[in-house]
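For the single chain, residues carry numbers from 1 onward in sequence order.
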Amino acid sequence: TPNGGVLDTIWANAPLTGGGWLAIGMDVSERRRAEERYRAFIAHSSEGVSRLEIDPPVPVELPEEEQIDWVYRHARIAECNDAMARMYGYKEARDLVGTSLAELHEVQDPANRNQIAAFIRAGYRLADSETREHAKDGKPRVFLNNVVGFIEDGHLVRVWGTQRDVTDQRHLEEQFRQAQKMEAVGQLAGGI
């Protein structure tokens, strides 16, 4: 620019019939800055953020069970933040990219299959749904998920999602339930 600034631009060039070129440029500096802000927000989020790509995409007219199996066979993490990678015991996002959903989920766990079925029934959008998964070291994890699927030409092509690790919370809830049961048994035994 005249004052020494630099602009990010994109250009379209087309040949003219009489010779020469027609060049049309557009300033995309603000869009680039917005993309950088977005990436920084995702990178610093404490929630896991991911994009699954399904290749080949799932035909949405398939029966529900076939769609679930298809997702498990063909969905892979294409993008995620470091917070998500750490939830699975990895250091950085790049260590988790390329991992299949089937490698993370307990595929035969009815709760996980029901979660995907609920996602399908809700029009490929689901909030606050739990999954049982496992970290790199094999330890079980419980995640609370929000997911949105993207349909193109009658096919589910990708899923964006966020997740929070609620494993410790669920463990404490179970301990509390067990303590309540033991207290009730003690009260019954004390009354005999």
Side-chain angles (χ1 to χ4, degrees), residues 8 10 28 30-109 111-167:
D8 286 318
I10 58 172
V28 293
E30 183 52 38
R31 182 171 72 183
R32 291 271 164 81
R33 283 191 290 276
E35 288 172 1
E36 288 170 12
R37 288 189 302 268
Y38 158 79
R39 291 194 186 287
F41 172 75
I42 297 299
H44 293 94
S45 174
S46 62
E47 287 200 351
V49 179
S50 66
R51 175 176 53 90
L52 293 175
E53 288 291 326
I54 305 165
D55 189 21
V58 183
V60 297
E61 78 276 354
L62 285 178
E64 192 174 273
E65 279 299 312
E66 289 182 38
Q67 288 188 55
I68 293 168
D69 291 336
W70 191 298
V71 166
Y72 277 131
R73 277 194 314 272
H74 301 291
R76 295 196 171 281
I77 296 174
E79 185 176 0
C80 69
N81 63 358
D82 289 342
M84 182 168 170
R86 286 190 297 272
M87 290 178 190
Y88 291 98
Y90 294 93
K91 186 177 179 183
E92 298 176 330
R94 68 178 176 205
D95 300 327
L96 191 58
V97 169
T99 303
S100 72
L101 183 61
E103 292 175 72
L104 302 173
H105 269 214
E106 298 295 337
V107 175
Q108 296 308 318
D109 184 321
N112 287 345
R113 296 184 73 79
N114 288 338
Q115 187 257 1
I116 296 176
F119 168 70
I120 294 166
R121 285 186 216 123
Y124 304 95
R125 176 181 220 88
L126 204 53
D128 296 329
S129 65
E130 267 189 28
T131 52
R132 290 175 181 81
E133 305 184 36
H134 53 269
K136 180 173 75 169
D137 61 7
K139 290 184 180 174
R141 309 304 302 160
V142 180
F143 296 117
L144 194 60
N145 304 276
N146 294 299
V147 290
V148 177
F150 289 83
I151 309 296
E152 294 176 4
D153 298 322
H155 292 77
L156 175 65
V157 296
R158 81 186 44 84
V159 178
W160 275 98
T162 62
Q163 70 183 38
R164 284 186 298 125
D165 189 339
V166 294
T167 306

> What's the spacing between Arg51 CZ and Arg76 CZ if we round to 0.5 Å?
Replying inline: 14.0 Å
> Looking at residues at least two apart in the chain, or sitting in another chain, which of them share a salt bridge (Lys or Arg N to Asp or Glu O under 4.0 Å) with Arg94?
Replying inline: Glu92
>> Quick check: do Phe119 and Val159 have side-chain heavy atoms less than 4.5 Å from each other?
In response: yes
> Hey, what do you get for OG (Ser129) to CG (Asn114), rounding to the nearest 0.5 Å?
Replying inline: 11.0 Å
>> Can you confirm whether the side chains of Thr131 and Gln115 place a donor and an acceptor under 3.5 Å from each other?
In response: no
>> Can you give me the closest heavy-atom contact between Ala93 and Cys80, atom names plus distance?
In response: CB-O, 3.1 Å
> How close do Thr162 and Val49 get, heavy atom to heavy atom, and via which atoms?
Replying inline: CG2-CG2, 4.1 Å
>> Tell me every residue that passes side chain to side chain donor-acceptor pair (under 3.5 Å) with Arg132, counting only those two or more places apart in sequence or in another chain.
In response: none
> Where do Glu53 and Ala78 come nearest, in terms of heavy atoms and distance?
Replying inline: CG-CB, 3.5 Å
>> Within the structure provided, determine whether Lys91 and Asp82 are in side-chain contact (heavy-atom separation under 4.5 Å).
In response: no
Less than 3.5 Å apart, which donor and acceptor atoms pair up between the side chains of residues 97-106 and the rest of the protein, not counting sequence neighbours?
{"from": "Thr99", "atom 1": "OG1", "to": "Leu96", "atom 2": "O", "distance (Å)": "2.7"}
{"from": "Ser100", "atom 1": "OG", "to": "Glu103", "atom 2": "N", "distance (Å)": "3.2"}
{"from": "Ser100", "atom 1": "OG", "to": "Glu103", "atom 2": "OE2", "distance (Å)": "3.1"}
{"from": "Glu103", "atom 1": "OE2", "to": "Ser100", "atom 2": "N", "distance (Å)": "2.9"}
{"from": "His105", "atom 1": "ND1", "to": "Tyr72", "atom 2": "OH", "distance (Å)": "2.7"}
{"from": "His105", "atom 1": "NE2", "to": "Glu133", "atom 2": "OE2", "distance (Å)": "3.4"}
{"from": "Glu106", "atom 1": "OE2", "to": "His134", "atom 2": "ND1", "distance (Å)": "2.9"}

>> Keeping Asn146 on the side-chain end and Asp128 on the backbone end, is there a donor-acceptor pair under 3.5 Å?
In response: yes
> When you look at Val60 and Tyr124, which way does the side chain to side chain contact (heavy atoms under 4.5 Å, CB included) test go after all the steps?
Replying inline: CA-CA 10 Å; Val60 297; Tyr124 304 95; 3.4 Å; yes
> For the residue pair Ala75 and Ile54, what are the closest heavy atoms and their distance?
Replying inline: CB-CG1, 3.9 Å
> Does Asp165 have any side chain to side chain donor-acceptor pair (under 3.5 Å) partners at least two apart in sequence or in another chain, and if so, which?
Replying inline: Arg141, Thr167
> Considering all heavy atoms of both residues, which atom of Glu130 and which atom of Asn145 are nearest to each other, and what is their separation?
Replying inline: C-ND2, 4.1 Å
> Which residues pass the side chain to side chain contact (heavy atoms under 4.5 Å, CB included) test with Glu64, sequence neighbours left out?
Replying inline: Ile68, Ala117, Ile120, Arg121
> Of all residues at least two apart in sequence or in a different chain, which pass the side chain to side chain contact (heavy atoms under 4.5 Å, CB included) check with Asp153?
Replying inline: none
> Where is the tightest heavy-atom contact between Glu61 and Gly154, given as atom of each residue plus distance?
Replying inline: OE1-O, 4.1 Å
>> Going by ring pair (Phe, Tyr, Trp, His ring centres under 6.0 Å), name the pairs with one or both residues in residues 75-95, residues two or more places apart or in two chains.
In response: Tyr88-Phe143
> Considering residues at least two apart in sequence or located in another chain, which fulfil the side chain to side chain donor-acceptor pair (under 3.5 Å) criterion with Arg164?
Replying inline: none
> Could you state the interatomic distance from NE2 (His74) to CG (Asp69), rounded to the nearest 0.5 Å?
Replying inline: 10.0 Å
> By side chain to side chain contact (heavy atoms under 4.5 Å, CB included), which residues pair with Glu152, not counting sequence neighbours?
Replying inline: Val157, Arg158
> With sequence neighbours excluded, what pairs up with Pro63 under the side chain to side chain contact (heavy atoms under 4.5 Å, CB included) test?
Replying inline: Glu66
> Counting distance only, does the side-chain N/O of Gln163 pair as donor-acceptor with the main-chain N or O of Met84 below 3.5 Å?
Replying inline: no
> Between Asp95 and Arg86, is there a salt bridge with N-O shorter than 4.0 Å?
Replying inline: no
